[in-house]
Amino acid sequence: MAASSTAVAATLMPLLIRLLRGASDLASVSSTHAKLLKLGTVSTVASSNHLLAAYCRCGSVAHARNLFDGMPERNVVSWTALMSGYAGGGRPRAAVALLRGMARGGVAPNAFTFSTAASACARLADACLGRQVHARAEVAGYARDSVVATALVDMYGKAGRVGDAREVFDGMPAAARNTVSWASMMSAYAQNALGHDAILLFAELWNNGEDMAPNHFMLSSVMNACAGVGRLGIGRCVHGMVFRHGHEENEVIAVALVDMYSKCGCYDYSKKVFDRIKQPSVIPYTSIIVATAKYGLGKRALALFSDMVDQGVQPNSVTLLGVLHACSHSGLVDTGLQLLHSMRSKYGINPCASHYTCAVDMLGRAGRLEEAFKLANEAQIDGDDALMLWSSLLSSCRKHKRLELATMAGEKVSEFTQDVAGALVAMSNTYASAGQSEDAAAVWSNMRRRGIRKDPGCSWIEIKDIPYVFYAGVVSPASEKARELMLLLDEMEGKMREKGYKGRIGGARVLDADEEEEEGEGVMVGVHSELLALGLGLLVIPKGMAIRVMKNLRMCSDCHEAFKLISGIVEREFVVRDLNRFHHFRMGSCSCNDYW
DNA sequence: CTAGGGTTAG
């Protein structure tokens, strides 16, 4: 009798296990669980582990936990399965905490455990916790395992510690570095605004002739890097690889391409790629809407949005932000306000800080500053989000020369202690443009006293696939080209004077090779970096080709004016990507119609 | 039986 029931169990078990592996819903896992209980075999560690994993896969960590708690014996697989369940179920902190639990239970973690724990830390973007996991993995001898090390690279990258990520990557045995490891290191760079380094690493992999076909993960990471830094040349080359390796139907790749072309100043290509996507989901739609917004094509962005809704695609919070941006950059202020106030009822999305900031910016840009202040106060935003909101108001006040309101916004800003550099510079510039240079200088000396430094503004231009970066007021290294560049800008300045231009674009210093750039001493900086980049473009990019310049800050109105004039003088097209949007200069005017 | 990577915004 007993022998026959054991025999039945032995034949049924593999079947039930197979059933579990294919199960994706709670009901079928539960019913298999019941059958296993009837057979009396559930108490073995292996069958319980199968059940644990199945509960986690179908998203019911609570059931998994119950089962786990009732297990008389647990091994490393049981612990790791549960950990993976927590990590995937949006409770990464609980996942990592299990590491301590298993130590108490006397179970030794393995490579699976550490990679799961590291990936949980990545989700948390918590370098401190991640470092502890790293240390434990090191002690246990798993830190150089291919998967564990790759998870650590990803973790450090997501936690903003690129240097640590690179250290783990470099410490891996060469044989352990596979496509995933390389792709993870590239995304670590790309996600930390170090796109040029991501591209260099990609090139390194390429030039070493490693026999590693780029998969769609790697290609989208690199494409993302190209988008971030506006490297059209490399981006096109990567597009070619996408074709050669047959990834052009992949939607994630297509989105990366849409994004890359739009951020490199090629809206038309971006739109072409988008139009080839068969059934675009919310992300490609959002991407093209944001792109359209950045080119100042507000009406077109709104049309794309209504297409999307007609197709039954649910917008998300990012989509609505994109649509608000479109309204903002095109002066469709009342449409934008209606959208803000109806997004909850129409699309079920609660406006959050970024939506309010965008709307406040839209009102401010349009000069409706009283309304902007009212909305800013009503929105009840606090924390770091509030800094963004008030900084944006501050720059609107400056643009519309409303010093009294600027001071109010400035007071709000000065309550913050972190990341205030940008706002303080805006405040100083506000005083400067109102002619109060002493107040402006006071803000600077206050910043110096508090040790607050601002990332310098810079611009860059890609020439024959190589980026050239410029900082305000200086050209280096000293070379024949540098001198030619200065002469050209002087010449342009002269021609612009005849057309009534009052700014100054020549006279940057040429730095000698061994000379270090000094700290900016005061409010006045020299020639802005975008003009230097433009000058190089004029020197070396053949006539007939558009010159594309990228900048890490917003374009100032003097430079904007200069670009317009020069486009008329030399009869060429320039595309400038600034922090927020694109400007397309042609025949003396700009696509933004001076509204930005 | 348990593990790592990619897309939209800021």
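Chain identifiers are assigned alphabetically (A, B, ...) following the order of the sequence lines, protein sequences preceding nucleic acid strands; residue numbering begins at 1 within each chain.
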Using whole Å, report how far [atom1] of [X] lies from [atom2] of [N].
{"X": "A/Trp182", "N": "B/dG5", "atom1": "CH2", "atom2": "P", "answer": "19 Å"}
{"X": "A/Ile253", "N": "B/dG6", "atom1": "CD1", "atom2": "P", "answer": "13 Å"}
{"X": "A/Asn49", "N": "B/dA3", "atom1": "CG", "atom2": "P", "answer": "12 Å"}
{"X": "A/Asn75", "N": "B/dA3", "atom1": "CG", "atom2": "P", "answer": "14 Å"}
{"X": "A/Lys294", "N": "B/dT8", "atom1": "NZ", "atom2": "P", "answer": "10 Å"}
{"X": "A/Met186", "N": "B/dG6", "atom1": "CE", "atom2": "P", "answer": "13 Å"}
{"X": "A/Leu82", "N": "B/dA3", "atom1": "CG", "atom2": "P", "answer": "12 Å"}
{"X": "A/Glu251", "N": "B/dT8", "atom1": "CD", "atom2": "P", "answer": "12 Å"}

Looking across every strand, which nucleic acid part, if any, lies under 4.0 Å from [X] by heavy atom: base, sugar-phosphate, or nothing?
{"X": "A/Asn215", "answer": "base"}
{"X": "A/Ser84", "answer": "sugar-phosphate"}
{"X": "A/Ser181", "answer": "base"}
{"X": "A/Ser146", "answer": "base"}
{"X": "A/Met388", "answer": "sugar-phosphate"}
{"X": "A/Ala111", "answer": "base"}
{"X": "A/Val180", "answer": "base"}
{"X": "A/Asn580", "answer": "nothing"}
{"X": "A/His216", "answer": "base"}

Stacked pair A/Phe217-B/dG5, distance under 5.5 Å, angle under 30° | yes
Any side-chain donor near an acceptor of the partner, A/Arg65 and A/Tyr55, under 3.5 Å |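 Not at all, the side chains of A/Arg65 and A/Tyr55 share no donor-acceptor pair under 3.5 Å.
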For A/Thr150 and A/Ser184, does a side-chain donor sit closer than 3.5 Å to a side-chain acceptor?
-> no
Looking at the rings of A/Tyr156 and A/His134, which for Trp means the six-membered one, are their centres under 6.0 Å apart?
-> yes
Assess the pair A/Phe274 and A/Tyr267: is the distance between their ring centroids shorter than 6.0 Å?
->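 Ring centroids of A/Phe274 and A/Tyr267 are no less than 6.0 Å from each other.
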From C-beta outward on [X], which listed nucleotide comes closest to its side chain: [options]?
{"X": "A/Ser115", "options": "B/dG5, B/dA3, B/dG6", "answer": "B/dA3"}
{"X": "A/Ala81", "options": "B/dT2, B/dG6, B/dG4", "answer": "B/dT2"}
{"X": "A/Val77", "options": "B/dG10, B/dT7, B/dC1", "answer": "B/dC1"}
{"X": "A/Asp145", "options": "B/dG5, B/dT7, B/dA3", "answer": "B/dA3"}
{"X": "A/Asp154", "options": "B/dT2, B/dG6, B/dT7", "answer": "B/dG6"}

If you measure from the Lys or Arg side-chain nitrogens to the Asp or Glu carboxylate oxygens, is any gap between A/Arg161 and A/Asp126 under 4.0 Å?
->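 No, no charged N to carboxylate O under 4.0 Å.
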Residues, nucleotides or ligands: over 12 heavy atoms within 6.0 Å of A/Arg166 CZ |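 Yes, the 6.0 Å shell around CZ holds more than 12 heavy atoms from other groups.
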Side-chain donor or acceptor of A/Thr116 under 3.5 Å from a matching atom on the base of B/dA3?
-> no
B/dG4 base to A/Thr150 side chain: any donor-acceptor pair below 3.5 Å?
->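 Answer is yes: a donor-acceptor pair is held.
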Kindly indicate whether a cation-pi arrangement holds for A/Arg581 with A/Tyr295, taking the cut-offs as under 6.0 Å to the six-membered ring centre and within 45° of the axis.
-> no
Verify the contact: side-chain N or O of [X] to OP1 or OP2 of [N], cut-off strictly under 4.0 Å; return yes or no.
{"X": "A/Gln191", "N": "B/dG6", "answer": "yes"}
{"X": "A/Lys158", "N": "B/dG6", "answer": "yes"}
{"X": "A/Asn178", "N": "B/dG5", "answer": "no"}
{"X": "A/His50", "N": "B/dT2", "answer": "no"}

